[in-house]
There are 2 protein chains.
Amino acid sequence: MTSASGAATTISDLGEFGLIAAVTAGRSDAPQVLIGPGDDAAQVATPGGSILISTDTLVSGRHFRFDWSSAYDVGRRAAAANLADIAAMGGVATALTIGFAAPGDLESQWAVELSQGIADEAALVGAHIVGGDVTAADEVMVCITVIGRAGEQVVRRNGASPGEVVGLRGRIGWAAAGLAVLGRGFRSPRVVVEAHRRPEPPYDAGPQAATAGATSMIDVSDGLIADLGHVAESSGVAIDIASEAFEVAEPLVSVGAAIGVDPRSFMLTGGDDHPLAATFPADAELPEGWTAIGEVREGSGVTVDGEEYEAAAGHEHFR
Amino acid sequence: MTSASGAATTISDLGEFGLIAAVTAGRSDAPQVLIGPGDDAAQVATPGGSILISTDTLVSGRHFRFDWSSAYDVGRRAAAANLADIAAMGGVATALTIGFAAPGDLESQWAVELSQGIADEAALVGAHIVGGDVTAADEVMVCITVIGRAGEQVVRRNGASPGEVVGLRGRIGWAAAGLAVLGRGFRSPRVVVEAHRRPEPPYDAGPQAATAGATSMIDVSDGLIADLGHVAESSGVAIDIASEAFEVAEPLVSVGAAIGVDPRSFMLTGGDDHPLAATFPADAELPEGWTAIGEVREGSGVTVDGEEYEAAAGHEHFR
């Protein structure tokens with residue numbers, strides 16, 4: 001594989017999503033693979049039913065900093081990212097495995113607290129750590145795989161149709177505001193710093209939306225515009241977000257004012273809060289706790305109030 | 001957690017197995033966890049049945065070297081280590097996820113070939129890659145999680161009883177001989193170098209042994225003495241290996257002669273070949289392809305011809 005210039009293509013050149021596309025290209029379908037790569041979780045047939053499975057990796061210095069997050073918080077966050085993926089399919093997580101790599105001079109207490117954080121976050125949905133692997137490495141890496149029960153309706157990214165309503169449930173923009181604050185050397189407002197350290201995904205929102213007839217759903221991990229972009233692309237539709245639908249919480253207003261940033265940018269492009277976004281039929285009443293934030297249209301891409309949003313749209317590794 | 005000297009305990013101090021014990025200590029049992037941490041794979045109840053799940057991580061410079069193994073071979077090896085864990089429970093792997101971390105300047109073709117290796121090895125048992133995650137890191141890390149169907153009999157490590165026969169099926173010592181050769185700057189005998197690069201676990205031996213009434217089973221990944229030590233400890237028994245039961249293959253004899261090492265040491269302490277070892281009732285006829293290599297006794301620990309084996313016993317991370 002070479003680039004236009006003739007040099008070998010690196011994974012930076014391809015980017016995270018390009019690499020995933022290259023790696024999964026041409027994979028044959030198998031009868032047990034009900035949903036393959038490309039959604040929040042895969043669905044695999046089992047004797048008597050099916051399970052959902054998803055994996056996510058955190059690397060020190062990239063996804064977390066030792067001076068910003070405790071081991072326990074890294075565990076909570078790593079687990080939350082995985083558990084939210086199962087929720088986003090309308091399922092409930094049941095078990096996790098941990099691949100843990102770290103330098104030999106890391107204090108063992110760090111690993112113990114990490115796993116306690118993972119276990120406590122998993123307990124919120126009744127899931128348990130069932131296995132793992134530890135290995136030596138220069139960096140700390142936490143690779144969590146989660147499996148879960150599928151609900152009666154498994155909700156994918158590709159089911160949105162023009163005319164439908166886009167709904168959101170869960171905090172959004174808080175973790176990004178917390179990261180902005182920490183990046184400038186501050187530790188307050190404490191609520192947003194805590195939101196970065198320990199997201200609070202609305203796990204029950206997944207099965208709730210599935211039961212209410214959601215036609216597509218996604219865990220917002222990379223930013224609302226970026227993640228709704230995945231829904232739009234998978235579904236072959238456009239999505240327009242109505243910015244006035246968002247109530248900007250007070251801490252986001254303060255952070256925005258303090259650092260000279262429109263607080264809505266945290267909500268539109270900030271990741272790591274793991275709210276769920278879903279589309280519902282136009283005539284559906286949104287389930288409790290969900291807010292209508294936009295609509296599905298003919299076309300492609302994601303707009304805000306009908307226009308392209310100018311800020312950087314979401315985080316992508318290697319870019 | 002502090003050591004006897006008062007300094008904080010590092011994960012090097014605890015070692016791989018000590019760390020696993022610390023991390024899994026006090027984890028409560030849950031109804032869906034049929035087999036928890038500590039075996040080759042966990043078993044988790046699903047609606048209508050159960051699945052097996054296991055995870056394993058490879059790190060560049062530690063588990064593989066770019067100049068010794070191609071990306072494709074690393075993929076084959078990483079997948080083999082995981083698939084063998086499912087076989088060692090008597091099960092059959094069905095699906096894998098890949099957590100992949102790498103520096104941005106890695107050629108994308110490396111990642112593509114890695115995943116092809118994983119896919120091809122998985123295809124040997126009918127398993128498929130169903131998902132993954134890619135992220136930036138300084139080192140290349142491959143964290144594979146595999147799920148599989150449990151057979152009618154799930155075979156654990158803890159079922160061996162005194163008087164039983166220890167059986168082995170699959171190549172043993174070849175990968176260690178290959179590693180010894182590569183470590184001395186040679187590339188031959190080619191068969192052992194290839195065995196290091198691409199193990200050939202006898203995947204069907206797992207379900208075969210389960211059907212034949214195996215009372216315990218393990219994937220030999222860290223060395224025969226080390227891994228039978230896990231069986232002995234879990235089962236509360238001693239195991240004695242009869243060295244004359246091993247036929248030393250010609251390539252191991254040559255490598256041993258060339259580097260001045262007893263070739264049996266490759267077979268007793270070398271890892272990464274992934275044969276399966278199992279215990280069978282004393283009166284059982286070993287299934288086809290299995291060789292009797294020892295017996296289960298009262299007591300604890302693993303001996304060779306009744307005596308402690310003097311060489312280093314197996315690989316442990318952080319030691």
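Here is how names work: the chains are called A, B, and so on, in the same order as the sequence lines, proteins then strands, and each is numbered from 1. Just so you know, these numbers use all the heavy atoms, side chains as well, and skip hydrogens, waters and symmetry mates. Note that the structure is a prediction, hence the values are computed from the model and not measured.
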### Query
Looking at CG of Asp13(A) and CD of Glu107(B), how far apart are the two atoms once the value is rounded to the nearest 0.5 Å?
10.0 Å

### Query
So what's closer than 4.5 Å to chain A heavy atoms on Ala150(B): side chain, backbone, both or neither?
neither

### Query
Can you tell me how far the CG atom of Asp85(A) sits from the CG atom of Asp133(B), to the nearest 0.5 Å?
9.0 Å

### Min side-chain heavy-atom separation Ile147(B)-Ile53(A) under 4.5 Å
yes

### Task
Measure Ala127(A) against the heavy atoms of chain B and call it side chain, backbone, both or neither at under 4.5 Å.
backbone

### Message
So for Leu106(B), is it side chain, backbone, both, or neither that comes closer than 4.5 Å to the heavy atoms of chain A?
### Response
both

### Task
Would you check if Glu139(A) and Met141(B) make a side-chain contact, meaning some heavy-atom pair closer than 4.5 Å?
yes

### Task
For Thr94(B) and Gln32(A), work out which heavy atoms get closest and say how close.
O-NE2, 2.9 Å

### Message
How long is the straight-line distance from OG1 of Thr46(B) back to CG of Leu52(A), given to the nearest 0.5 Å?
### Response
11.5 Å

### Query
To the nearest 0.5 Å, what is the distance between OG1 (Thr97(A)) and CD1 (Ile144(B))?
12.0 Å

### Message
To check you understand the geometry: which heavy-atom pair defines the closest contact between Arg62(B) and Ala136(A), and what is its length?
### Response
CD-O, 2.8 Å

## Note on the structure
Bottom line for Thr55(B): the part with an atom under 4.5 Å from chain A's heavy atoms is both

### Message
Could you check whether any side-chain N or O of Ser108(A) sits under 3.5 Å from a backbone N or O of Thr9(B), counting only pairs where one atom can act as donor and the other as acceptor?
### Response
yes

#### Entry: Most chain B-contacting option - heavy-atom pairs closer than 4.5 Å, from Gly99(A), Gly36(A), Pro47(A)
Pro47(A)

## Note on the structure
In terms of heavy-atom contacts, Thr135(A) and His63(B) come closest through OG1-CE1, 2.8 Å

#### Entry: Most contacts with chain A, counted as non-hydrogen pairs under 4.5 angstrom, among Ile118(B), Val59(B), Asp138(B), Asp56(B)
Asp138(B)

